[in-house]
Amino acid sequence: MSQFKIQSTKTPSGSQPTAIKKLVQGIKTGHTYQTLLGVTGSGKTYTIAHVIEQIQKPTLILAHNKTLAAQLAQEYRELFPNNAVHYFVSYYDYYQPEAYVASSDTYIEKEAMINQEIERLRHATTQSLLSRKDVIVVASVSAIYGLGNPIEYAKGNISLKVGMKLQKEAVMRSLIGAFFERTNMDLLSGTFRVIGSYLEIMPTNEEMIYRLSFSGGILQQITQIHATTREIIKENLTSYLLFPAKHFVTSKEERERAVQDIKQELKERIKMLEAYGESKAIERERLKRRTKQDIALIQEIGYCNGIENYSRHFEHRKAGEPPHTLLSYFPKNKKGEPDFLTVIDESHITIPQLGGMYAGDRSRKETLVEYGFRLPSAIDNRPLTFDEFNARVGMLVYVSATPGTYELEKSGKNNIVEQIIRPTGLVDPVVDVYPVTADKTKKYEGQVKHFITEAKKEITKKGRVLVTTLTKKSAEDLSAYIKEAGLETTYLHSDIKTIERIEILTNFRRGTFDVLVGVNLLREGLDLPEVTLVAILDGDKEGFLRNERSLIQTIGRAARNVDGRVIIYADIETESLRKAIHETSRRRALQIEYNEKHNITPTTIIKNIEDITDQLQKKHTSTLHTLLKTDAERFAQDPKALLKEKREEMEEAVARMDFETAALIRDELYALEGTPKKKKMKKRFR
């Protein structure tokens, strides 16, 4: 079995050695709840990595948004390159849940756009959890939503071994039973095709093709092939374990049993609604029509829109019984207790988020049930309650620079581990306060113009600048205004899609632009050591974004650079502002004292500028080089024919919405043509 092993030239320093020792001792002596109170830039991730290495247990790390989760996943991958580190978040780029607004008699149908790459990462996560022990999963709140029974998921796997008696047709039947789809076109995730005596399969967890060769009723060979270049990666695999293409795995018999249960529930619900007479006639007929239509689709094609609302019946759960989630895939000990470590990052934000999911979901579902849009069992398609979550996780470590009351009370005074001293010697930034309002008598033009002047100073010194506003619209408007002032900038808020957010932050670090404007997303967990100035507009507007905890976190964004400083714009000194500046000054004094005692000269944190999307780009570049090498000879012989063929392939990829392949072929065309046609061609499939 593989062991967790950190690969790093660094060694723990500052407060880290003491924090690691205390946390490990707490876990080994059975303390369920501990809190790591670590200031921004003190290396909390590195500390947790050493805890994982010492306790050698699978670990779940929960983050409160997808951007932070991606950043943490990349950091842990760098520290544990030989272990399985996975990224597990919601696979929806866009999600509008089904809802009904009674006051306006408005029904809102569910709309969703699934990100196939994130879905692949989710499958890779669950398959690793079921097949190995050295697994770290960095997840969002998606971890507490329904995922399907891990026992059925594991039972549905297909074990393939060279030399076993196996007919090609039998494998095809098994694949269809495991929810793979047959195709005659190019393979996509979760599909297979037949080519002569070969059977080619693309699993859901990786972009590889597995070719099975049969002869005389025997599986003769298993070959791993690159999905795009068709390059042979491994020619003679002795075995391969193939997991189902969907997390929700049910047999035909189980589906029929579920349908009978749905029919019975419908019968009982209709009888209940009939007791209300004509006052519920519309709801009664609506429910009957919608449910019977769903049943017909399930029986005919095994699926219907909103099938997740019947998950209780498919999984044979009792009313009120919680669903299976990602937590169900983690290991248990012989007593049936969770046998893994759970780390809740930025716990003061993540804990309330975990606790709030259930109530909001239930309220929406109850309205749908009341007005005849769904059966009562739809309510059991839900996230876990906070108590159910706590019952399903192992030892807990809360991580935050400003832990909430809940974490502190749960941990108790003896299990709060402070990590105040930064190994780099970096001190908390100096905080200056300037007015929001312009003052002509002092030739002060107000917060925005003053900020732009200060930002230009930092950019001249090659620094980066963060500025926070109170609303998404003000972030967009400020970004536009800053551009007019001649600075390269963009904004970041919750409307920006997951992968795009990660790319924006990476480009910001690389210097593609110098000023990043945001709202709440700039407050938590952004590891941006290039930032030398953080500006907080309207700092005296008391509320969630300008309370003591929020201000301390935002100020901390400037604590990773030796030249970091903070400007807060405020006309009055609020209680939150006073406390945040006082706590920052206290921490600054402690670090300066430590530096003087140990003769430490503060140094800016140096980190590789790479994120989870860079892996995709590297793969893209490597594949492009292989394609160019393969096609170079053909291009020399007949360039027009090859270019025509490539354009047709690109258009075909676009037609089937395989934009990754289309982009790859597009870039090959650019390289082969060597002409300035890039913009025109790009419009073809945007």
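Between Glu458 and Lys461, at least one side-chain N (NZ, or NE/NH1/NH2) sits under 4.0 Å from a carboxylate O, which counts as a salt bridge. Between Asp514 and Lys462 there is no salt bridge, since no side-chain N of the basic residue sits under 4.0 Å from a carboxylate O of the acidic one. Ionic pairing of Glu337 and Lys335 is not present here: no N-O contact between side-chain nitrogen and carboxylate oxygen is shorter than 4.0 angstrom. A salt bridge links Lys57 with Asp339: the distance from a Lys NZ or Arg NE/NH1/NH2 to an Asp or Glu carboxylate oxygen falls below 4.0 Å. In this structure, Glu388 pairs ionically with Arg382, as a charged nitrogen and a carboxylate oxygen lie closer than 4.0 Å. Comment: Arg560 does not engage Glu530 in a salt bridge, judged by the lack of any side-chain N to carboxylate O separation of less than 4.0 angstrom.
Considering only heavy atoms from C-beta on, Lys66 comes within 4.5 Å of Ser90 through its side chain. At a threshold of 4.5 Å between non-hydrogen side-chain atoms, the residues Leu466 and Leu528 count as touching. The closest side-chain heavy-atom distance from Ile144 to Met357 is below 4.5 Å. Counting heavy atoms from C-beta outward, Pro323 and Leu384 have side chains that approach closer than 4.5 Å. Side-chain contact between Gln25 and Lys28 is absent, with no heavy atoms from C-beta onward closer than 4.5 Å. The closest side-chain heavy-atom distance from Leu62 to Val141 is not below 4.5 Å. Thr204 is not listed as a side-chain neighbour of Glu119, based on a closest heavy-atom distance of 4.5 Å or more. You'll find the side chain of Pro58 reaches within 4.5 Å of the side chain of Pro331, heavy atoms only.
Remark: Tyr434 OH to Asp432 CG distance equals 5.0 Å, nearest 0.5 Å. Rounded to the nearest 0.5 Å, atoms CD1 (Ile416) and CD (Gln34) are 10.5 Å apart. Distance check: Glu315 CD to Ile151 CD1 gives 11.0 Å after rounding to the nearest 0.5 Å. Ile61 contributes atom CD1, which lies 10.0 Å from atom CD of Glu75 (distance to the nearest 0.5 angstrom). Atom CD1 of Ile48 is separated from atom CG of Leu23 by 5.5 Å, given to the nearest 0.5 angstrom. The line from CG of Asp345 to OH of Tyr398 is 13.5 Å long, rounded to the nearest 0.5 Å.
A cation-pi arrangement is absent between Lys5 and Phe80 under the rule of less than 6.0 angstrom and at most 45 degrees off the ring axis.
Taking every heavy atom of both residues into account, Lys44 and Gln419 meet most closely at N-NE2, 3.6 Å. When all heavy atoms of Ser400 and His348 are compared, the closest pair comes out as OG-ND1, 2.7 Å. Nearest approach of Phe88 to Ser142, heavy atoms of both residues: CE2-OG, 3.8 Å. The two atoms that bring Leu426 and Gln591 nearest to each other are O-CG, 3.2 Å, heavy atoms only. Between Ser128 and Ala84, the closest heavy-atom pair is OG-CB, 4.1 Å.
Checking side-chain atoms of Asn333 against main-chain N and O of Gly336 turns up a donor-acceptor pair under 3.5 Å. Looking only at distances, a side-chain donor or acceptor of Arg77 sits under 3.5 Å from a matching main-chain atom of Val85. Remark: side-chain polar atoms of Glu573 are not paired, donor with acceptor, to backbone N or O of Asp540 under 3.5 angstrom. Between the side chain of Arg122 and the backbone N or O of Ile118, no donor-acceptor pair lies under 3.5 Å. Looking only at distances, no side-chain donor or acceptor of Glu583 sits under 3.5 Å from a matching main-chain atom of Ala580. Not a single donor-acceptor pair under 3.5 Å links the side chain of Thr35 to the backbone N or O of Leu37.
Checked against the 6.0 Å centroid criterion, the rings of Tyr491 and His493 qualify as a close aromatic pair. Taking the six-membered ring for Trp and the full ring otherwise, Tyr153 and His247 have centroids separated by under 6.0 Å. Here Phe451 and Tyr569 keep their ring centres 6.0 angstrom or further from each other. For Tyr406 and Phe386, the ring centers sit closer than 6.0 Å to each other.
Within a 6.0 Å sphere centred on NZ of Lys541, heavy atoms belonging to other residues, nucleotides or ligands number more than 12. Within a 6.0 Å sphere centred on NE2 of His582, heavy atoms belonging to other residues, nucleotides or ligands number 12 at most. Residue Glu321 qualifies as enclosed at atom CD: its count of foreign heavy atoms under 6.0 Å is above 12.
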(message) Pair Leu327, Leu60 - check side-chain contact (heavy atoms from CB on, under 4.5 Å), show working.
(response) CA-CA 9 Å; Leu327 305 180; Leu60 170 65; 3.3 Å; yes
(message) Determine whether Thr469 and Val517 satisfy the following criterion, side-chain contact (heavy atoms from CB on, under 4.5 Å), listing intermediate values before the conclusion.
(response) CA-CA 7 Å; Thr469 66; Val517 187; 4.0 Å; yes
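Between the side chains of Ser15 and Glu418, no donor-acceptor pair of N or O atoms lies under 3.5 Å.
Applying side chain to side chain contact (heavy atoms under 4.5 Å, CB included) to Arg546 and the options Ile568, Thr554, Leu577, Leu551 leaves one that passes, Leu551.
Evaluation of the ring-ring contact (aromatic ring centres under 6.0 Å, His included) test over residues 130-151, restricted to residues two or more places apart or in two chains, returns none.
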